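Below: one structure, written as structure tokens.
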Amino acid sequence: MSLLIKNGEIITADSRYHADIYCEGETITKIDRGLTPPAGTEVIDATGKFVFPGFIDPHVHIYLPFMGTLAKDTYVTGSQAALVGGTTTLIEMCCPARKDDALASFDLWHSQAAGKSACDFTFHMGVTKFDATTEQQLREIVRRGISSFKIFLAYKGAFGIDDTELYKTLKLAKELGVVVTAHCENETLVSERCAELLAAGKTDPGQHHESRPPLVEAEGVHHLMTFAELTGAATYIVHLSCKEALDQAIAARQRGVRVGVETLIQYLTLDKTYAEKPNFEGAKYVMSPPLRDARNQSVLWNGLRDGLINTIATDHAPFDFEKQKPMGKDDFTKIPNGIPSLEERINLLYTYGVARGRIDLHTFVNTASTAVAKQFDLFPRKGAIQPGADADLVVFDPSYRGKISVKTQHMAVDYSAFEGWDLEGRASVVTVRGQVAARDGKFTGTLGRGQFLQRKPSHF
Ligand code: URP
Ligand code: ZN
Ligand code: ZN
């Protein structure tokens, strides 16, 4: 099986040129102008289009038992949605409950993806408790090809760990060369403020952001940075949403702390007024950390442009508006947290980032693909257009004009947080390891073809 992508403009994190890309089997083997393919080669004409390396979402939830319910997507629906939107690799959070066994959970999460996913995948291993058994199991999980952990400094009693567990997790990560990704919010402040708001009769979705203001996140980041500085572990802050938290991460970097920073497409494009919509509609926009005051958006865009923020994810966590969000109808603390956006991350980032002049094409590719691959030990297999790399490619049409709608989405959730939003450009042809998997908004790939990506720790 061979594939030729002809006449496209190749854009990588650091280069821009016109050439053809020839792929044999699953791999890119040649890049040059005027390539003539052997008979039987599938040819894709990319004239007038960009060709990007396949995009990687570094933070998704597909299988997620959470807040008394289960997130809506499976790897069957989630991987199709990802591919249609130009994302060819998923890094999912494996999130055991505190009572669960780490190794059994890892196997469970893996079994949800293997044989179902149409795109490649790997996991951040959630450390939701730390004891002697868990430690041995984490060592085994790293031997099986996982090079990142996930911890929560939030969700008291569910996923959250205490400071002793945090310290021990970071020490183990340092020893193993594993990077520790972290949800940073001070859980005591969150639970105290939630209780105060509810006691005052403030129960609607718009109270969610009042319960966890920017300082709650900044404290979480500062807390993690202190522990990282003392242990020397490499860290990565997931879903950073505001200036106050970014300031803490940058201050720590200046002290020598190793810290990557991820923001989300939702924080770049939505603000807290969405969660204040009347008639419970705000529940569609409840996630943690919450959507912020709009002043933060330019801080985040500028942070991406200047390299202070390294990656862009979705934290995809889909819960239906009709049947699941109403669990919190009379109590905002019970609204399942999450704003689905796996399918739209790349098209939104292009439209509201590149096309609006907020970031350039190289920053776009870097933050949504290459930097992710480097941070999580996937580069240069992923995140690169070069001979030897996996033939994960996105032929992107900047002349496309359309609108986002729940009616056309592949995500298995009953609303779109971006309903009616304009798109200026979209992924037109998407390949996974040399096979066309999506074309002009339609899935054309093979369910079950997605591979588990073995990773080796590098953060010693
Ligand atoms: O609101 C969110 N972020 N939901 C998913 C769970 C998490 O915190 O990542
Ligand atoms: Zn989180
Ligand atoms: Zn998450």
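These figures come from a predicted structure and were not determined experimentally. In listed order, ligands and their atoms are each counted from 1.
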Which of the ligand 1 atoms, numbered from 1, are nearer than 4.0 Å to a heavy atom of G338: 1 (O)
Any idea which protein heavy atom is nearest atom 3 (N) of ligand 1, and the distance to it? D315 OD2, 2.5 Å
Is the CG atom of D330 crowded by more than 12 outside heavy atoms at less than 6.0 Å? no
Is there an N/O/S atom in H61 at a distance below 2.8 Å from the Zn ion (ligand 3)? yes
Could you work out, for atom 8 (O) of ligand 1, the closest of F152, F159, Y155 by heavy-atom distance? Y155
Name whichever N, O or S atom of H183 ends up nearest to the Zn ion (ligand 2). ND1
Within ligand 1, which atoms have a heavy atom of H61 less than 4.0 Å away? 5 (C), 6 (C), 7 (C), 9 (O)
Taking everything shown except N279 itself, do over 12 heavy atoms lie less than 6.0 Å from its CG? no
Are K168 and F130 in a cation-pi setup, meaning NZ or CZ lies under 6.0 angstrom from the ring centre and within 45 degrees of the ring axis? no
Regarding ligand 1, does K150 bring an N or O atom to under 3.5 Å of one of the ligand's N or O atoms? no
Check whether more than 12 heavy atoms from other residues, nucleotides or ligands sit under 6.0 Å from atom NZ of K323, and answer yes or no. no
For the residue pair K272 and Y274, would you count it as a cation-pi contact if the rule is NZ or CZ under 6.0 angstrom from the ring centre and within 45 degrees of the ring axis? no
May I ask you to identify the nearest protein heavy atom to atom 4 (N) of ligand 1, giving residue, atom name and distance to one decimal place in Å? N337 O, 3.2 Å
Compute the centroid of each ring, for H316 and then for H61, and state whether the two points are separated by less than 6.0 Å. no
Once rounded to 10 degrees, what value does the angle at the Zn ion (ligand 3) take between NE2 (H59) and OD1 (D315)? 80°
M287 contact mode with ligand 1 (heavy-atom cut-off under 4.0 Å): both
Just to check, does M93 reach to within less than 4.0 Å of ligand 1 when the distance is taken from its heavy atoms? no
Looking only at protein heavy atoms, what sits closest to atom 1 (O) of ligand 1 is S288 N, 2.8 Å
I would like to know whether L240 and E262 meet side chain to side chain contact (heavy atoms under 4.5 Å, CB included); could you show each step before the answer? CA-CA 6 Å; L240 182 133; E262 165 195 287; over 6 Å; no
Are F452 and H110 close enough that their ring centres sit under 6.0 Å apart? yes
